[in-house]
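Here the structure is laid out as structure tokens; the discussion comes afterwards.
Indexing begins at 1, ligand by ligand and atom by atom, following the structure's order.
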Amino acid sequence: MNWTQRSHALTFGFPVPHAEKVPEGYRVTWTGCRVMGILNATPDSFSDGGRHLGLDAALATARQMVAAGVFMLDIGGESTRPGSEPVDAATELDRVLPLIRALKGENALLSVDTMKPEVAAEALKAGAHLVNDVTGLRDPEMVRVCAESGAAACIMHMQGEPRTMQQQPTYSDVVGEVHSFLRGRAAEVKAAGVPSVLLDPGIGFGKTLEHNLALLRAVGDLTCGPDPVLMAASRKKTIDLIADVPKAADRDPGSFALHLHSARQGAALVRLHAAGEMVQALKVEAALAGSSR
Ligand code: HH2
């Protein structure tokens with residue numbers, strides 16, 4: 001079976017776009033690799049900071065993505081780039097809630113990219129379906145919010161915290177440590193009642209170029225497991241270090257290469273700024289692999 005035929009699923013405790021009712025809740029299933037489009041309503045994100053601050057501009061981008069076949073939108077109100085300063089919950093909510101409310105009728109899953117349980121809780125009430133927490137649901141309150149609402153969650157691996165994580169990342173076996181953290185955390189949060197999870201090795205979060213390359217080369221070891229895998233390296237510094245592209249907005253070609261590689265290794269979802277373009281790239285890649293999707 002090649003990557004285009006592999007089937008993936010996420011289960012939710014409430015109805016979501018594309019879902020069918022199953023005894024455990026509402027299940028979304030797909031084959032091959034789908035795209036999560038990045039929508040940062042922030043002034044300081046490393047590549048698209050300030051681009052989507054106006055509601056109309058953000059909605060236009062989001063709707064273009066959905067029209068292009070993007071499966072899930074990831075809406076964020078706080079930058080987590082290396083060195084970023086935290087923002088308070090009220091500021092984050094002011095940035096993400098209008099977008100979630102305006103997009104909840106669209107034919108796409110909505111993810112909220114937040115580390116704060118209070119932001120996640122309000123975002124879910126406003127219409128978000130999945131919580132993307134770069135701390136791997138470190139805060140027990142985040143696990144409770146997801147479990148009680150029936151939201152799916154993305155568990156990402158990060159060493160340290162955004163402000164300082166790139167100062168001196170160290171591992172003795174980066175692939176072994178990251179994969180066992182993700183599998184362990186998935187088992188714990190599902191046992192606590194979160195209906196389903198995505199796993200993400202967290203490219204660039206407390207990792208050197210060598211660490212990131214090792215994780216990218218080993219995606220296939222993570223995608224062998226039962227939980228769908230999300231890969232998210234869009235426009236990241238890794239691409240600059242490989243291909244000498246200092247400006248983040250110029251890194252889409254490298255982003256397509258990294259995520260096509262991840263798709264071929266069985267990733268269920270890839271997170272990109274140039275999300276509609278990635279849908280096109282995946283369709284071509286799938287056709288070459290012998291599938292029409
Ligand atoms: N990376 C960023 C933000 N959220 N979520 C997951 N699951 N995985 C990631 O690798 C990830 C993420 C950082 O990228 P971006 O959103 O473009 O920038 P910023 O944090 O500066 O807003």
Side-chain angles (χ1 to χ4, degrees), residues 10 34-53 58 61 65 72-87 91-92 95-96 99 109-116 119-120 123 128 130-138 142 146 152-163 165-166 178 181-182 185-186 189 197-207 211-212 215-216 219 222 227-240 247-252 254-255 258-259 262 267-275 278:
L10 282 173
R34 296 289 176 99
V35 178
M36 173 192 253
I38 302 173
L39 204 59
N40 284 322
T42 50
D44 57 341
S45 286
F46 77 96
S47 114
D48 56 354
R51 246 198 87 199
H52 303 126
L53 275 183
T61 303
M65 287 182 182
M72 190 184 296
L73 296 169
D74 190 33
I75 300 164
E78 177 176 37
S79 173
T80 51
R81 74 179 196 290
S84 56
E85 290 297 332
V87 298
T91 306
E92 221 184 311
R95 293 175 181 172
V96 299
L99 275 171
L109 290 164
L110 299 181
S111 156
V112 60
D113 187 352
T114 186
M115 300 181 269
K116 297 188 190 73
V119 173
L130 183 140
V131 176
N132 174 22
D133 177 6
V134 296
T135 73
L137 282 75
R138 219 178 265 175
M142 192 64 116
C146 293
C154 176
I155 299 174
M156 197 197 80
H157 176 274
M158 164 163 58
Q159 188 178 83
E161 41 117 8
R163 212 166 42 78
M165 67 192 174
Q166 288 309 100
V178 170
F181 166 82
L182 292 173
R185 215 49 211 119
V189 308
V197 294
L198 281 165
L199 306 184
D200 176 354
I203 298 301
F205 282 85
K207 285 145 194 130
H211 297 144
N212 290 321
L215 288 164
L216 284 158
V219 177
L222 192 60
D227 298 307
V229 170
L230 167 71
M231 291 302 291
S234 186
R235 298 183 182 170
K236 288 192 177 169
K237 182 79 181 162
T238 303
I239 297 166
D240 177 27
K247 224 173 118 205
D250 292 340
R251 297 179 194 151
D252 288 335
S255 307
L258 286 182
H259 295 99
S262 302
L269 212 57
V270 286
R271 177 182 183 275
L272 283 99
H273 299 88
M278 187 67 203

Practice task
Please indicate whether any nitrogen or oxygen in I38 is less than 3.5 Å from any nitrogen or oxygen in ligand 1.
Solution key: no
Fill in the blank from the handout: Quick note on ligand 1: atoms under 4.0 Å from a heavy atom of L230 include exactly 7 (N)
Completion exercise
Restricting to heavy atoms, the pick from L198, L39, T80, D133 nearest atom 20 (O) of ligand 1 would be T80
Exercise for the section: Start with the C-alpha gap between D113 and R271, add the side-chain angles, then the distance that decides, and say whether salt bridge (Lys or Arg N to Asp or Glu O under 4.0 Å) holds. Expected result: CA-CA 12 Å; D113 187 352; R271 177 182 183 275; 3.2 Å; yes
Exercise for the section: Using a 4.0 Å heavy-atom cut-off, say whether M156 meets ligand 1 through its side chain, its backbone, both or neither. Expected result: side chain
Exercise for the section: Can you sort out which atoms of ligand 1 are near R81, meaning under 4.0 Å from one of its heavy atoms? Expected result: 20 (O), 21 (O)
Practice task
Return the residue, atom name and 0.1 Å-rounded distance of the protein heavy atom closest to atom 4 (N) of ligand 1.
Solution key: D113 OD2, 2.9 Å
Practice task
For atom 16 (O) of ligand 1, find the nearest protein heavy atom and state the residue, atom name and distance (0.1 Å precision).
Solution key: R271 NH2, 2.8 Å
Practice task
For ligand 1, note which part of D200 has a heavy atom under 4.0 Å away: side chain, backbone, both or neither.
Solution key: side chain
Exercise for the section: Say whether, by atom type as modelled, one donor and one acceptor occur between the side chain of S84 and the main chain of S79 under 3.5 angstrom. Expected result: yes
Problem - Audit row: N132, S111, side-chain hydrogen bond (donor to acceptor under 3.5 Å, both in side chains) steps and yes/no - result: CA-CA 6 Å; N132 174 22; S111 156; 4.6 Å; no
Exercise for the section: Could you list the atoms of ligand 1 found under 4.0 angstrom from a heavy atom of N40? Expected result: 15 (P), 16 (O), 17 (O), 18 (O), 22 (O)
Exercise for the section: Measure the shortest side-chain to side-chain distance between L73 and L110 over non-hydrogen atoms and say whether it is less than 4.5 angstrom. Expected result: yes
Exercise for the section: Mark yes or no for whether K207, through its side chain, and G202, through its backbone, hold a donor-acceptor pair below 3.5 Å. Expected result: yes
Exercise for the section: For V134, counting its heavy atoms only, list the atoms of ligand 1 lying under 4.0 Å from any of them. Expected result: 4 (N), 5 (N), 12 (C)
Exercise for the section: Let me see the working for M158 and F181 under side chain to side chain contact (heavy atoms under 4.5 Å, CB included), right down to the final yes or no. Expected result: CA-CA 10 Å; M158 164 163 58; F181 166 82; over 6 Å; no
Practice task
Between K236 and ligand 1, find which residue part has any heavy-atom pair under 4.0 Å and reply side chain, backbone, both or neither.
Solution key: side chain
Handout entry: C154 contact mode with ligand 1 (heavy-atom cut-off under 4.0 Å)
Key = side chain
Handout entry: Nearest-neighbour protein heavy atom for atom 22 (O) of ligand 1, which is reported as residue plus atom name and distance
Key = S45 OG, 2.4 Å
Exercise for the section: Give the contacting part of D74 toward ligand 1: side chain, backbone, both or neither, where contact means a heavy-atom distance below 4.0 Å. Expected result: neither
Problem - L199 versus A186, closest heavy-atom pair with distance - result: CD2-CB, 3.8 Å
Fill in the blank from the handout: Heavy atoms of G136 and I155 approach each other most closely as CA-CG2, 3.9 Å
Exercise for the section: Around atom 5 (N) of ligand 1, find the nearest protein heavy atom and jot down its residue, atom name and distance. Expected result: N132 ND2, 3.0 Å
Practice task
Let me see the working for T80 and M115 under side chain to side chain contact (heavy atoms under 4.5 Å, CB included), right down to the final yes or no.
Solution key: CA-CA 10 Å; T80 51; M115 300 181 269; 3.7 Å; yes
Exercise for the section: Determine, step by step, whether I203 and T238 satisfy the side chain to side chain contact (heavy atoms under 4.5 Å, CB included) criterion, reporting the C-alpha distance in whole Å, the side-chain angles of both residues, the deciding distance to 0.1 Å, and the verdict. Expected result: CA-CA 8 Å; I203 298 301; T238 303; 4.1 Å; yes
Handout entry: side chain to side chain contact (heavy atoms under 4.5 Å, CB included) assessment of C146 paired with V189
Key = CA-CA 9 Å; C146 293; V189 308; over 6 Å; no
Fill in the blank from the handout: When distances are taken from atom 14 (O) of ligand 1, the protein heavy atom at minimum range is F46 CE2, 3.4 Å
Handout entry: Nearest neighbour in protein (non-hydrogen) for atom 21 (O) of ligand 1
Key = S79 OG, 2.7 Å
Handout entry: Nearest non-hydrogen protein atom, atom 17 (O) of ligand 1
Key = H273 NE2, 2.8 Å
